[in-house]
2 protein chains.
Amino acid sequence: MSVASKTSTKKRFLQFLAHKKLRITSQRQAIADTVFDTDEHFTAEQLLEWSRGRDKSVSRATVYRTLPLLTESGLVREMDFGKDYKFYDPNYAEHPNHNHLICQDCEKIVEFESEKIERIENEITHKLGFSLKSQRLQITGTCEELKKLGACKKKC
Amino acid sequence: MSVASKTSTKKRFLQFLAHKKLRITSQRQAIADTVFDTDEHFTAEQLLEWSRGRDKSVSRATVYRTLPLLTESGLVREMDFGKDYKFYDPNYAEHPNHNHLICQDCEKIVEFESEKIERIENEITHKLGFSLKSQRLQITGTCEELKKLGACKKKC
DNA sequence: CTAGGTGCAAAGCATTTGCATGGGT
DNA sequence: ACCCATGCAAATGCTTTGCACCTAG
């Protein structure tokens, strides 16, 4: 994602705060800077660590109190990959319908989009009498081909 | 699901235990009876409660120690609907590729299958250099049509 | 000024685990 | 008999919260 779009995503978050009449504190700015400066999925603990790198005064409590604001704004999405802790994905602002493919060996995560799947999902949802609000598709696989190419960096 | 198929699913679990040279205790039987006697998704706490209805001697620890065996057998699947606790789905023995549609208002859950989506998932996974092992698709929506028909029983 | 925000530490809560006892095989 | 499985209760680890102080607006 471009630097410009990331910057504007951060701006959108600050606007979200303003709209809810919430204060723009230095801690919230450090957290927002961190979140919208990366494409990576992160945990609360990582977000704390990275944010403290920018502003020592960020506490664990503030990180946990800010995460719901981030997801509520629609710019970050909570993800569950079956671990004890949650992951957060900062790429929903630009790609609200993207999906995840996870390698069960090396835990590499690839994001992808599919208009075809979106269309079928809408069809089915409608046929069952619902209106689609959001969707999550998670595929688990093994990156055998990537292994051959030497592109799977970790445990493969 | 028919009574007969549920009975045979339970048998498959007992065979799974035998195959792993694990003991068939009264507690494990009570838990298996409970799990394979329902089509409903359940939590660890519910499973404990229901199992104790059959056998007072079932403890919370045993339930938590049995759940991994159930998922490992492939007959039950761990689900995450974004709550603090996990749900378990006992319908994977018969429909290993089914998906979930959840009403965000009343939390009603509908299961569905789609060959088309399965095909596209396989295509994409292959194109990205992976072999598909499993998939989870979860759609969140509102059951407006069900509301009109009066079929949405809860908060709608 | 002043209500909302923060850090700290304690609390919560689902899940896991150590240990002594019990029961399949 | 052997030793895996169990119940109990304590421990774990992520997340939440109460409280007194602080600070953005």
Side-chain angles (χ1 to χ4, degrees), chain A residues 13-35 41-73 76-89, chain B residues 13-35 41-73 76-89:
Chain A
F13 181 62
L14 298 184
Q15 279 164 9
F16 168 84
L17 290 179
H19 182 70
K20 294 200 75 178
K21 301 198 192 314
L22 297 174
R23 291 176 185 168
I24 294 170
T25 62
S26 62
Q27 291 88 346
R28 283 177 177 167
Q29 289 204 56
I31 292 171
D33 282 340
T34 304
V35 167
H41 302 158
F42 53 84
T43 62
E45 193 61 30
Q46 286 177 304
L47 181 53
L48 170 64
E49 212 173 290
W50 296 344
S51 298
R52 289 183 86 109
R54 294 173 186 265
D55 182 339
K56 286 279 184 203
S57 78
V58 174
S59 73
R60 178 170 280 103
T62 297
V63 165
Y64 277 106
R65 282 191 271 234
T66 304
L67 280 167
L69 296 173
L70 287 161
T71 55
E72 202 188 323
S73 76
V76 171
R77 184 135 165 195
E78 200 176 285
M79 307 290 310
D80 198 291
F81 295 128
K83 307 272 176 187
D84 292 339
Y85 36 84
K86 290 168 186 137
F87 281 83
Y88 296 87
D89 183 334
Chain B
F13 181 61
L14 298 184
Q15 280 164 9
F16 168 84
L17 290 178
H19 183 72
K20 293 201 77 179
K21 301 199 194 313
L22 297 175
R23 292 175 184 166
I24 294 170
T25 61
S26 63
Q27 292 87 347
R28 281 177 177 168
Q29 289 205 56
I31 292 170
D33 282 341
T34 305
V35 167
H41 302 156
F42 53 84
T43 62
E45 194 61 30
Q46 285 176 306
L47 180 54
L48 170 64
E49 212 172 290
W50 297 343
S51 299
R52 288 182 89 108
R54 295 172 186 265
D55 182 339
K56 286 278 182 203
S57 79
V58 175
S59 73
R60 178 171 280 104
T62 296
V63 165
Y64 275 107
R65 282 192 271 237
T66 304
L67 280 167
L69 296 173
L70 287 161
T71 55
E72 202 187 323
S73 75
V76 171
R77 183 132 166 197
E78 200 176 285
M79 307 290 310
D80 199 292
F81 296 126
K83 308 272 175 184
D84 292 338
Y85 36 84
K86 290 167 186 137
F87 282 83
Y88 296 87
D89 183 333

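Below, chain A is the first sequence line, B the second, and so on; all start at residue 1. It should be emphasised that the depicted structure is a prediction, and the values quoted were computed from it without experimental measurement.
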K.L.:
Do you know which two heavy atoms are closest between B:Leu17 and B:Arg28, and how far apart they sit?
P.N.:
CD1-CD, 4.2 Å
K.L.:
Grab the CG-P distance between A:Leu69 and C:dT6 for me, whole Å please.
P.N.:
9 Å
K.L.:
Can you measure A:Asp80 atom CG to C:dT15 atom P for me and round it to whole angstrom units?
P.N.:
12 Å
K.L.:
Calculate the interatomic distance between B:Leu47 atom CG and C:dA14 atom P; express it in whole Å.
P.N.:
15 Å
K.L.:
Taking side chain to side chain donor-acceptor pair (under 3.5 Å) as the definition, give me every residue that meets it alongside B:Ser59, ordered by chain and number, with sequence neighbours left out.
P.N.:
B:Thr62
K.L.:
For A:Gln27 and C:dG4, give me the distance from atom CD to atom P, rounded to whole Å.
P.N.:
17 Å
K.L.:
Can you figure out which of D:dT15, C:dT6, D:dT6 approaches the side chain of B:Thr62 most closely?
P.N.:
D:dT6
K.L.:
May I ask you to decide if the ring planes of B:Tyr88 and B:Phe42 are parallel, tilted or perpendicular, using 30° and 60° as cut-offs?
P.N.:
parallel
K.L.:
Specify the closest pair of heavy atoms between B:Ala44 and B:Val63, including all atoms of both residues, with the distance to one decimal.
P.N.:
O-CG1, 3.8 Å
K.L.:
Can you check each nucleotide of nucleotides 17-25 of chain D against protein heavy atoms at under 4.0 Å and return B for base, S for sugar-phosphate only, - for none, in 5' to 3' order?
P.N.:
BB----BBS
K.L.:
For B:Lys86 and C:dC13, give me the distance from atom NZ to atom P, rounded to whole Å.
P.N.:
18 Å
K.L.:
Does D:dC8 have its OP1 or OP2 closer than 4.0 Å to a side-chain nitrogen or oxygen of B:Arg60?
P.N.:
no
K.L.:
So, A:Thr71 side chain and A:Pro68 main chain: donor-acceptor pair closer than 3.5 Å or not?
P.N.:
yes
K.L.:
Rounded to whole angstrom units, what separation is found between the CG atom of B:Leu17 and the C1' atom of C:dT25?
P.N.:
14 Å
K.L.:
Output every pair passing salt bridge (charged side-chain N to carboxylate O under 4.0 Å, His left out) with a member in residues 46-57 of chain B, not counting sequence neighbours, ordered by first then second residue.
P.N.:
B:Asp37-B:Arg54
K.L.:
Assign B:Lys21 to base, sugar-phosphate, or nothing according to its heavy-atom contacts below 4.0 angstrom with the strands shown.
P.N.:
nothing
K.L.:
Over how many whole Å does the gap from B:Arg28 atom CZ to D:dA5 atom C1' extend?
P.N.:
6 Å
K.L.:
Is a side-chain N or O of A:Ser73 found less than 3.5 angstrom from the main chain of A:Leu70, in a donor-acceptor match?
P.N.:
yes
K.L.:
Take the protein atom CE of A:Met79 and the nucleotide atom P of D:dC14, then report the distance between them rounded to whole Å.
P.N.:
19 Å
